[in-house]
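Step one of this worksheet: look at the structure below.
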Amino acid sequence: MHPPLTLHRHPMCAEIIEEFQKCHADHPIGKFFGECTELKIKLDRCFRQEKAVKRKANFEESKKFKERLQAYRKEMAQKDI
């Protein structure tokens with residue numbers, strides 16, 4: 001199973017998504033018998049890579065947010081004293 005194949009949500013995998021959808025359109029019965037399996041494997045790998053990139057970016061963003069939050073808390077603690 002894969003996430004919805006919308007191009008705007010998966011820009012890194014847009015080319016593979018289009019090929020996969022074309023394969024399904026060209027082989028309406030063959031898709032059930034493995035005609036598009038190779039593209040499906042490529043698509044799964046691409047989604048994993050895309051997720052890893054997003055995960056890393058989110059982690060970096062959360063680190064920056066935590067640093068700002070700690071600095072703010074420290075500043076507020078100093079004002080209370």
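Source: prediction; values computed, not measured. Position 1 is the first residue of the sequence, and the numbers go up from there. All values below were derived from every heavy atom in this structure, side-chain atoms included, with hydrogens, water molecules and symmetry-related copies excluded.
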Calculate, to the nearest 0.5 Å, the distance between atoms NE2 and CZ belonging to His27 and Phe33 respectively. 14.0 Å
Pairwise distance CD1(Ile17) to CG(Leu39) - rounded to 0.5 angstrom: 11.5 Å
When rounded to the nearest 0.5 Å, the distance separating CD of Gln70 from CZ of Phe65 is 11.0 Å
Does Lys54 NZ have over 12 foreign heavy atoms under 6.0 Å away? yes
If you round to the nearest 0.5 Å, how far is NZ of Lys42 from CD of Glu19? 6.0 Å
Under the side chain to side chain contact (heavy atoms under 4.5 Å, CB included) criterion, do Glu18 and Leu7 qualify, and how do the steps go? CA-CA 8 Å; Glu18 289 173 349; Leu7 298 177; 3.5 Å; yes
Between CD of Glu15 and NE2 of His10, what distance do you get to the nearest 0.5 Å? 16.0 Å
State, yes or no, whether a side-chain contact exists between Lys63 and Phe59 at a heavy-atom distance under 4.5 Å. yes
Whether over 12 other heavy atoms sit under 6.0 Å from Leu69 CG: yes
Would you give the length of the straight line joining atom OG1 of Thr37 to atom CG of Asp44, rounded to the nearest 0.5 angstrom? 10.5 Å
Return the minimal non-hydrogen interatomic distance between Lys31 and Cys36, and the atom names on each side. CB-SG, 4.2 Å
Is it true that atom CD of Gln21 has more than 12 heavy atoms of other residues, nucleotides or ligands lying nearer than 6.0 Å? yes
Output, in order, the C-alpha distance, side-chain angles, deciding distance and verdict of side chain to side chain contact (heavy atoms under 4.5 Å, CB included) for Leu5 and Leu43. CA-CA 10 Å; Leu5 300 178; Leu43 189 60; 3.7 Å; yes
Could you tell me whether Glu60 atom CD has more than 12 heavy atoms of other residues or ligands within 6.0 Å of it? yes
Considering all heavy atoms of both residues, which atom of Glu50 and which atom of Arg9 are nearest to each other, and what is their separation? OE2-O, 4.0 Å
